[in-house]
Amino acid sequence: MAEQNISGTGSGYDPHKIEEKWQRRWAEARAFESEADATKPKYYVLEMLPYPSGTLHMGHMRNYAIGDVVARVKRMRGFNVMHPMGWDAFGLPAENAAIKNNTHPREWTNKNIAEFQRVLRRFGFSYDWRREISTCEPEYYRWNQWFFLRMLDRGLAYRKKSRVNWCPKCCTVLANEQVVNGGYCWRHEDTLVESREIEQWFLKTTAYAEQLLDDLKQLECGWPERVILMQRNWIGKSQGAKVKFAVANVAGAEPIEIFTTRMDTIYGATAVILAPAHPLLPKLLNESPAGAEAHSKLAKMRQTSVKTEELATMEKEGFFTGRYATNPFSGEKIPIWVGNFILMEYGTGAIMAVPAHDQRDMEFCRKYGLPVRVVVQPLEGEELVEEKLMAAFDEHQHGKLVNSGPYNGLSPEAAIAKMTTFAEQKGIGRAETIFRLKDWGISRQRYWGTPIPVIHCSKDGMVPVPDMDLPVLLPPNPKLTGMGESPLAATPEFVNTACPKCGGPARRETDTMDTFVDSSWYFYRYCDPHNDQAPYDAAMADYWFPIDQYIGGITHAILHLLYSRFWCKVMRDLGLIKHNEPAARLFTQGMVQKGGVAMSKSKGNVVGAEDMAQKYGADTGRLYTLFAAPPEKDLEWSEESIEGSWRFLNRVYRLVDRHAESVRGVKGGTIHAATAKEKTLLRKVHQTLRRVTQDFETRWHFNSAIALIMELTNEIYLQEPLEKDVRPEVRREVLELLTLMLAPMAPHLAEELWEMLGHVDGLWKAAWPAFDEVLTREEKVEIPVQVCGRLRGKVQVAAGSGEVEVVRLAQADPVIAQHLAGKRIVKIIFVPDKLLNLVVA
RNA sequence: GCCCGGGUGGCGGAAUGGCAGACGCUGAGGACUUAAAAUCCUCCGGGGAUUUUUCCUCAUGUGGGUUCGACUCCCACCCCGGGCACCA
């Protein structure tokens with residue numbers, strides 16, 4: 001161990017000894033445990049819970065270091081801080097590892113948790129460990145089941161057939177991440193993954209689409225703009241109309257319903273295009289004049305519609321069905337086509353093609369020789385000519401309608417309103433808002449997840465497991481092969497059960513839940529982690545929520561955060577909470593990279609957090625991740641620059657060590673500066689305090705806060721020896737403030753210094769100091785002097801000097817005078833104590 | 001294609017319309033030492049003039065603009081990173 005450490009600093013700073021000592025003291029004093037207390041202002045700071053796999057690396061560490069600074073600063077600021085930690089413990093890697101090593105997923109998971117916990121403790125993060133949760137424990141996942149049943153009651157959980165990735169060799173369902181190289185099985189890289197339809201469970205996130213979108217407004221001042229934007233795009237609200245086009249000459253064919261946001265262009269429709277998967281197609285093609293050729297084209301198109309990645313760049317293809325539809329507005333008969341670029345999952349799976357005013361339609365129609373008809377002419381500029389038009393005119397703010405019967409001359413906006421009303425009156429269409437957001441498929445055909453608490457009875461159908469029978473426990477000894485049917489289905493003692501209604505033999509549901517379910521509400525459980533009557537006590541959640549500061553990676557900008565917001569709204573409607581949004585503020589920290597890519601086990605570029613702690617100590621590791629880049633930016637790991645942080649902490653240690661004895665026991669009280677040295681020191685330390693306070697509170701510029709503290713330290717060194725002309729009480733003041741400012745980032749060292757300075761009470765109980773404005777004032781200032789905006793010199797003046805005085809001094813400066821010579825000053829810009837700019841002509 | 005974010009020394013980065021490059025790393029030189037490590041001190045964007053000292057000039061992706069003054073604000077473009085992607 002010793003040979004791995006940095007040695008020979010000669011300073012006596014021994015991070016291992018210090019860190020162990022203070023971690024023990026904090027634990028003994030229960031320094032970071034907090035309880036709901038209505039008399040104190042609360043602050044809930046939370047970092048996204050980790051999936052415990054592999055080693056805890058500097059990427060994780062950075063996330064927690066940022067959260068810990070916030071927690072510690074807020075505590076010093078007098079807040080009742082809750083800062084918990086837990087484990088996202090269900091998931092596929094545990095199952096895979098278990099298959100590989102022939103162990104139990106629980107064993108693998110718990111081993112990793114123990115490892116993660118040990119490392120986090122070694123870094124001294126100020127967590128309330130009593131609140132620790134692990135999502136794979138029945139005490140936790142029973143509440144997943146309980147919530148599921150509540151959603152089932154309310155029709156928010158349902159089952160439907162849905163497409164999944166299926167590996168024919170594994171005979172099992174694959175998660176999206178297990179589909180590699182654009183469509184192959186991760187384990188059988190020569191085997192193409194198929195798309196199969198099976199019955200799956202869904203949660204009705206779409207029921208909250210409108211709220212999820214609207215409430216983003218409430219987050220605008222606390223969440224990063226881009227996260228809000230990404231969510232907005234994901235939800236994808238689109239206002240338009242559905243319109244029915246009757247099908248000509250096909251007996252019993254119901255009308256084709258299309259979705260459009262450009263109702264105003266309906267007179268320009270020259271075709272109807274259906275998705276290859278459109279349910280009406282078999283009927284249309286049956287005995288169609290297009291014949292067998294169309295059938296085979298459809299079959300081919302349906303087969304190749306697997307790979308989603310190529311969709312965007314794919315050439316538009318289609319074929320004519322031989323059938324015609326009637327435009328309900330113009331009465332015109334237009335051909336019905338099938339197009340590979342029409343998605344069945346969006347809208348109605350059918351569109352009207354308006355080539356003149358939609359680029360995709362344009363490309364399609366030009367390729368197949370379908371006519372182009374202009375129905376909106378631009379208000380300004382050249383008139384559109386149908387024969388020449390290759391780029392669709394799709395700006396609807398600057399046009400007026402033509403070739404549109406009674407709607408000619410209207411603006412597109414007015415036309416949309418009028419046409420929609422007309423369609424509704426005639427019963428041929430209606431205004432409709434659709435969303436890109438889909439319901440959340442939570443079924444996983446896996447073992448290591450929460451069993452879905454439902455029983456299938458041949459007599460009573462699908463029966464929810466009664467609350468009193470929760471939790472539905474995972475069977476302790478599953479057969480895990482990674483092949484064939486899902487592990488739960490292969491475990492008879494799990495599957496076979498009695499129907500809760502009739503008592504007859506029945507089968508349990510064998511799907512488990514997506515692990516995003518676990519992380520959708522875990523932060524509520526922290527409020528009340530041991531409750532066995534409810535997921536959490538409402539009063540506790542009321543006190544602690546919303547989360548004041550949530551911190552995590554941008555990778556979770558959509559799914560985790562959207563599901564959490566959904567869950568919150570469901571819980572609100574269940575009467576469990578009163579608020580609408582779980583987290584008031586969100587911070588997305590940058591990734592730690594090595595060689596330009598994020599640290600990950602698979603990339604083999606991880607820098608283990610523990611190695612770092614071993615080599616330099618936790619405080620240096622923490623300080624460096626905070627110093628090397630602003631927290632929102634990605635950080636390229638550099639083994640060299642960490643030395644700077646290590647050296648700095650040593651410098652601080654030596655400084656305090658040198659003076660500790662002489663200031664111990666010296667009384668505090670009002671400080672004033674008596675000598676020039678004292679003035680300089682006190683000014684610098686209070687100026688630093690002012691700016692560091694700002695950096696912590698409002699700007700989150702931890703890197704520049706550290707730079708300021710380094711500058712302060714350099715200044716103190718320059719004033720050495722402090723024994724001369726600096727009284728002990730001033731020395732003490734300076735060193736104490738330095739220590740306090742360092743505390744949120746290098747807490748162990750700061751505690752040690754605090755003790756060295758003679759404090760009996762731990763620093764964790766200390767308050768954040770207030771700066772003294774009087775002491776920050778400069779007596780003399782150097783004012784840069786510009787001539788016509790260019791720097792030409794500087795003048796020394798007493799702080800607060802007036803314009804006349806400063807101009808006089810500037811004119812007396814030989815260099816400045818040279819630039820003024822022979823010219824007339826036409827304007828003087830003077831910012832007191834800051835700048836003088838003389839404009840000459 | 002659309003939407004975000006970003007381009008500043010050898011490197012990480014600082015600068016909330018007012019001295020560009022704080023702070024740190026690297027590098028160079030010096031002090032201490034028998035020596036090394038550690039520590040301490042000094043220097044470190046380019047070009048030019050003056051070569052004790054200082055001055056001029058260029059420079060924050062490129063080109064314009066606003067302003068007494070722009071890394072910062074506005075417009076256009078280039079490059080890099082990320083997200084979404086035939087969403088009707």
Side-chain angles (χ1 to χ4, degrees), chain A residues 6-11 224-230 232-234 236-238 240 258-262 265 273 275 308-316 339-343 345-354 358-361 363-364 394 434-436 554-555 557-558 590-591 596 624 627-630 632-645 647-648 650-651 654 694 698-699 701 703-714 717-718 720 782-794 815 818 826-831 834-840:
Chain A
I6 291 280
S7 56
T9 61
S11 78
E225 203 186 314
R226 62 176 173 151
V227 174
I228 291 177
L229 213 83
M230 281 160 87
R232 204 165 265 152
N233 291 341
W234 190 260
K237 181 176 176 173
S238 194
I258 61 105
F259 177 78
T260 179
T261 55
R262 291 295 305 275
T265 63
I273 311 178
T308 46
E309 282 134 31
E310 291 166 24
L311 254 150
T313 47
M314 205 158 74
E315 172 78 15
K316 288 180 182 51
N340 65 348
F341 67 106
I342 306 301
L343 307 170
E345 302 80 48
Y346 188 77
T348 59
I351 63 150
M352 60 176 191
V354 185
D358 182 289
Q359 190 55 35
R360 293 157 302 176
D361 298 349
E363 286 165 27
F364 189 80
D394 55 7
I434 63 169
F435 293 90
R436 206 192 80 114
I554 186 75
T555 32
I558 299 176
M591 286 177 305
Y624 177 65
F627 177 64
E632 70 279 4
K633 272 189 73 172
D634 288 346
L635 182 160
E636 176 66 31
W637 185 259
S638 156
E639 206 64 55
E640 279 171 348
S641 10
I642 194 169
E643 298 275 343
S645 298
R647 279 201 279 264
F648 167 65
N650 274 284
R651 239 162 110 76
R654 281 193 302 273
Q694 241 177 43
T698 53
R699 307 200 314 164
H701 286 196
N703 56 331
S704 65
I706 295 167
L708 288 164
I709 299 170
M710 287 175 167
E711 245 183 280
L712 169 65
T713 307
N714 292 346
Y717 265 84
L718 287 175
E720 289 275 28
E782 191 183 56
I783 297 183
V785 180
Q786 300 179 339
V787 178
C788 288
R790 311 200 57 139
L791 184 72
R792 296 301 180 189
K794 291 165 188 181
V815 177
Q818 217 168 40
V826 292
K827 195 170 179 181
I828 297 171
I829 287 110
F830 178 69
V831 185
K834 279 273 179 194
L835 168 122
L836 174 69
N837 187 7
L838 302 168
V839 186
V840 296

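Just so it is clear: chains get the letters A, B, ... in the order the sequence lines come, proteins before strands, and each one is counted from 1. Please read all numbers here as calculations on a predicted model, not as lab measurements.
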Of the listed nucleotides U57(B), C3(B), U39(B), the one nearest the side chain of Arg654(A):
U39(B)

Once salt bridge (charged side-chain N to carboxylate O under 4.0 Å, His left out) is applied, do any residues pair with Glu632(A), and if so which ones, sequence neighbours excluded?
none

Just checking Ile828(A): base, sugar-phosphate only, or nothing, at a heavy-atom cut-off of under 4.0 Å?
nothing

Any side-chain N or O of Ser238(A) under 4.0 Å from OP1/OP2 of A88(B)?
yes

Within the structure shown, what part of the strands sits under 4.0 Å from Asn714(A) by heavy-atom distance: base, sugar-phosphate, or nothing?
sugar-phosphate

Could I get the full list of side-chain hydrogen bond (donor to acceptor under 3.5 Å, both in side chains) partners for Gln818(A), not counting sequence neighbours?
none

So, does Arg647(A) get its side chain near the phosphate of C25(B), meaning an N or O under 4.0 Å from OP1 or OP2?
yes

Among C4(B), C84(B), C25(B), the one nearest any side-chain atom of Arg436(A) is C84(B)

Phe364(A) CZ - A88(B) P separation (whole Å):
18 Å

For a quick check of understanding: with a heavy-atom distance under 4.0 Å over all strands, which category does Ser638(A) fall into, base, sugar-phosphate or nothing?
nothing

Going by side-chain hydrogen bond (donor to acceptor under 3.5 Å, both in side chains), name the residues that satisfy it together with Lys237(A), two or more places apart in sequence or in a different chain.
Glu210(A)

Any base atoms under 4.0 Å from Arg792(A), or only sugar-phosphate, or nothing? Heavy atoms, all strands.
sugar-phosphate

Provide the distance between the two P atoms, one in C4(B) and one in C11(B), to the nearest whole Å.
30 Å

Nearest whole angstrom, please: distance from the P of G69(B) to the CG of Leu836(A).
15 Å

Establish whether the base of C86(B) is bridged to the side chain of Lys316(A) by a donor-acceptor pair shorter than 3.5 Å.
yes

Between C79(B) and G63(B), how far is it from one P atom to the other, in whole Å?
16 Å

Scan nucleotides 5-18 of chain B nucleotide by nucleotide, 5' to 3', and note B when protein non-hydrogen atoms come under 4.0 Å of the base, S if they reach only the sugar-phosphate, - if neither.
-------BSSSB-B

Proximal nucleotide (of C84(B), C86(B), A22(B)) relative to the Ala707(A) side chain
A22(B)

Salt bridge (charged side-chain N to carboxylate O under 4.0 Å, His left out) partners of Arg699(A), counting only residues at least two apart:
Asp695(A)

Could you tell me which residues satisfy salt bridge (charged side-chain N to carboxylate O under 4.0 Å, His left out) with Lys633(A), sequence neighbours excluded, listed by chain and number?
none

Would you say the side-chain atoms of Asn233(A) and Arg436(A) include a donor-acceptor pair closer than 3.5 Å?
no

Could you check how far CE of Met352(A) sits from C1' of A88(B), rounded to whole Å?
9 Å

For atom C1', what is the distance between A14(B) and A35(B), given to the nearest Å?
40 Å

With both pairing distances under 3.5 angstrom for Watson-Crick or G-U wobble, and | for a partner in another strand, the correct string for RNA chain B is (((((((..(((.....[....))).(((((.......))))).(((((....)))))..(((((..]....))))))))))))....

Run the ring-ring contact (aromatic ring centres under 6.0 Å, His included) test against Trp637(A) and tell me which residues pass, sequence neighbours left out.
Tyr624(A)

Can you name the salt bridge (charged side-chain N to carboxylate O under 4.0 Å, His left out) partners of Arg262(A), sequence neighbours left out?
Asp264(A)

Here's one to test your reading of the geometry: is the NZ or CZ of Lys316(A) within 45 degrees of the ring axis of Phe364(A) and under 6.0 Å from its centre?
no

As a test of reading the structure: which of U57(B), A88(B), C84(B) is closest to the side chain of Ile351(A), going by heavy atoms?
A88(B)

Kindly give the atom pairs (protein nitrogen or oxygen, nucleotide nitrogen or oxygen) under 3.5 Å for nucleotides 42-51 of chain B.
none

For nucleotides G5(B) and C75(B), find the distance between their P atoms and express it as a whole number of Å.
13 Å

According to side-chain hydrogen bond (donor to acceptor under 3.5 Å, both in side chains), who are the partners of Asp634(A), at least two apart in sequence or on a separate chain?
Gln593(A)

Could you tell me how far C78(B) sits from C23(B) if I compare only their C1' atoms? Round to whole Å.
32 Å

Are there more than 12 heavy atoms of other residues, nucleotides or ligands under 6.0 Å from atom CD of Glu225(A)?
no

Under the ring-ring contact (aromatic ring centres under 6.0 Å, His included) test, residues paired with Phe627(A) that sit two or more places apart
none

Euclidean distance for P, C56(B) against G24(B) (whole angstrom):
29 Å

